[in-house]
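We number each residue from 1, following the sequence as shown. All heavy atoms count here, side chains included; hydrogens, waters and symmetry mates do not. Ligands are counted one by one from 1 in listed order, and the atoms in each one are counted from 1 as well.
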Amino acid sequence: MASSVLVFDSGVGGLSVLQEIHQYCPPMPIYYLMDREGFPYGIKEDEPLAQRILTLCQEAVAVLKPSLLVIACNTASTLALPLLRQHLTIPIVGVVPAIKVAAELSPNRCIGLLATPATVNRPYINDLINEFANDCTVTRFGSSALVHYAEHWLAQQQPPDALFEHLNGWLSDTPQPSHVVLGCTHFPLLRDFLERLWPHVTWIDSGAAIARRVASLLAPDAHQNGHFELYWTGTSEIESGVLMFLQGIGNVTRAQPLTTQISYTK
Ligand code: DGL
């Protein structure tokens, strides 16, 4: 049977992951689902959020029938991966903040973790740091504002004017991180701004690693006609900026609320 991938996030962040997957597997059809009604995830309570993610992914998988599910959201992955794997039978790839990579590369043994408020405090992150970066100083910054900056940038081309003020205090603290892990999939969408404002920092995300993992699990059929289908929760219209971004990567054959595909209820 032909392979396809469902990429899931609360909003537009997972598009940074979709972009990488498409580069590695161009013929693969990709369904992209944004939980706009549940957005933003990074300030939500764990238990109801985990249940919401499970219900939504179960229903989307039942209807769209992808071969593989990518949880392109650090907040969701660090919370709900074991639960999802317990209930779904298809392979699931989650996002792990690239703390190991940053620790391997940092010359001054100081790395930063920039993620949502929920992700920075997860036990999963403590375990990653203990395992891979215990000889490093790891400074953490939890930001939901940055998630919104990324949404506004992609949807309305509104530049994140407050970015410098928002992060510079943290990035100026000593020791200064040589490498900062972008532990939220929204943040690579702001990479150009980050690189311009803090050129001495190396910004690291997990998009390419996820794409390699997907490519290793699925053998895309070269005869498949790679295209994108965009779905979202809620009934609001999708901003033209989001569609344009996706159309800039490949062929979008469908864009509609998920509720018109399935009877998803909150
Ligand atoms: N893209 C997300 C992440 O990787 C979620 C952001 C949010 O909804 O707060 O964490």
Legend entry - Heavy-atom nearest option to atom 10 (O) of ligand 1, drawn from T75, V12, L182, I43: T75
With a 4.0 Å heavy-atom cut-off (strictly under), which part of [X] contacts ligand 1: side chain, backbone, both or neither?
X	value
V147	side chain
C184	both
T116	side chain
N74	both

May I ask you to check whether [X] and [Y] place their ring centers less than 6.0 Å from one another?
X	Y	value
W153	F193	yes
F39	H148	yes
W198	F164	yes
H186	Y149	no

Pull out every atom of ligand 1 sitting under 4.0 Å from any heavy atom of [X], numbered as shown with elements.
X	result
D9	1 (N), 2 (C), 5 (C)
S10	5 (C), 6 (C), 7 (C), 8 (O)
P40	8 (O), 9 (O)
F39	8 (O)

Inset, instruction - Kindly give the heavy-atom pair with the smallest separation between G38 and T233, and that separation in Å. - result: N-OG1, 4.4 Å
Legend entry - Note: E237-R36 ion pair, threshold 4.0 Å (strictly below): no
Inset, instruction - May I ask you to decide whether D127 forms a salt bridge with R122, counting only side-chain N to carboxylate O separations under 4.0 Å? - result: no
Inset, instruction - Apply ring-ring contact (aromatic ring centres under 6.0 Å, His included) to the pair Y31 and H227, showing each step before the final yes or no. - result: CA-CA 8 Å; Y31 312 129; H227 64 271; 7.1 Å; no
Inset, instruction - Run the contact test for G11 against ligand 1 with a 4.0 Å cut-off on heavy atoms, strictly below, and give the result. - result: no
Legend entry - S144, any N or O under 3.5 Å of ligand 1 N or O: no
Legend entry - T185 N/O to ligand 1 N/O under 3.5 Å: yes
Legend entry - Within-4.5 Å side-chain heavy-atom neighbours: F228 and R254: no
Inset, instruction - Identify, for atom 7 (C) of ligand 1, the protein heavy atom at the shortest distance, and state residue, atom and that distance. - result: Y41 N, 3.3 Å
Inset, instruction - If you have a sec, work out which protein heavy atom is nearest atom 9 (O) of ligand 1 and how many Å separate them, to one decimal? - result: G42 N, 2.8 Å
